[in-house]
Asker: 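Pasting a structure here, questions to come.
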Amino acid sequence: MTFWKRNQNGPIEPFTQNDPIDFYVVNVRTEHKFGQFVFPKSVLLQKGILSTQNKEGKRAFRVYPNWDKVNSKQAERTQKWQQDYFYEIGPSTNLQKVKALYQKP
């Protein structure tokens, strides 16, 4: 997934800790499944995805919904931490989890 913004001069750059965004939301779907990741800014800072004064962030990163079968240890670790910020949308959606994800820490 690409994950960037354009600066005032036109080139792309990573989102930063100074951007006025509390949550970054990523929708994912397959033919029969739909879900959403709700990442708080603090988590993306911790994972090095957002830029800080000391380190440039990323312009892309992978997301792994619970239905993805991962094929490497790195993907497995990534999927594991991302599951705390993911919910599948459907008849059995855990609305308590959804509400908790959208509450500012």
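Residue numbers start at 1 and run along the sequence shown.
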Asker: Sequence neighbours left out, cut at 3.5 Å: what donor-acceptor pairs do the side chains of residues 60-76 make with other protein atoms?
Answerer:
from: Ser72; atom 1: OG; to: Ala75; atom 2: N; distance (Å): 3.1

Asker: Using a 4.5 Å cut-off on heavy atoms from C-beta on, say whether the side chain of Tyr85 contacts that of Val43.
Answerer: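 Yes; the side chains approach each other to less than 4.5 Å.
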
Asker: So, using salt bridge (charged side-chain N to carboxylate O under 4.0 Å, His left out) as the criterion, who are the partners of Lys58 when residues are at least two apart?
Answerer: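 Lys58 satisfies salt bridge (charged side-chain N to carboxylate O under 4.0 Å, His left out) with no other residue.
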
Asker: Residues in ring pair (Phe, Tyr, Trp, His ring centres under 6.0 Å) with Trp81, at least two apart?
Answerer: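 Expected list: Phe39.
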
Asker: Would you sort out whether Glu13 and Trp4 count as a side chain to side chain contact (heavy atoms under 4.5 Å, CB included), showing the intermediate values?
Answerer: CA-CA 6 Å; Glu13 64 185 18; Trp4 49 264; over 6 Å; no

Asker: Kindly write out the residues that satisfy salt bridge (charged side-chain N to carboxylate O under 4.0 Å, His left out) with Asp84, not counting sequence neighbours, or none if the list is empty.
Answerer: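 Partners of Asp84 under the salt bridge (charged side-chain N to carboxylate O under 4.0 Å, His left out) test: none.
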
Asker: Would you call Asp19-Lys41 a salt bridge at under 4.0 Å N-O?
Answerer: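 No, Asp19 and Lys41 are not salt-bridged.
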
Asker: With sequence neighbours excluded, what pairs up with Tyr24 under the ring pair (Phe, Tyr, Trp, His ring centres under 6.0 Å) test?
Answerer: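 With sequence neighbours excluded, Tyr24 shows a ring pair (Phe, Tyr, Trp, His ring centres under 6.0 Å) to Phe3, Phe15, given in chain and number order.
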
Asker: Using side-chain heavy atoms (C-beta onward) and a distance below 4.5 Å, is Thr16 in contact with Lys5?
Answerer: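 Side chain of Thr16 against side chain of Lys5, heavy atoms only: contact under 4.5 Å found.
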
Asker: Where do Leu44 and Leu50 land on the side chain to side chain contact (heavy atoms under 4.5 Å, CB included) test, with the steps shown first?
Answerer: CA-CA 6 Å; Leu44 296 184; Leu50 301 182; 3.6 Å; yes

Asker: If only atom types and distance count, is the side chain of Arg6 paired as donor or acceptor with the main-chain N or O of Gly10 below 3.5 Å?
Answerer: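 At least one qualifying donor-acceptor pair exists.
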
Asker: Measure across Phe23 and Leu101 and return the closest heavy-atom pair with its distance rounded to 0.1 Å.
Answerer: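 Minimum heavy-atom separation between Phe23 and Leu101: CE2-O, 3.2 Å.
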
Asker: Please name all residues satisfying salt bridge (charged side-chain N to carboxylate O under 4.0 Å, His left out) with Arg59, sequence neighbours left out, ordered by chain then number.
Answerer: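 In terms of salt bridge (charged side-chain N to carboxylate O under 4.0 Å, His left out), with neighbours along the sequence ignored, Arg59 is linked to Glu56.
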
Asker: So, do Thr52 and Leu45 sit near enough that their side-chain heavy atoms are less than 4.5 Å apart?
Answerer: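 Yes; the side chains approach each other to less than 4.5 Å.
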
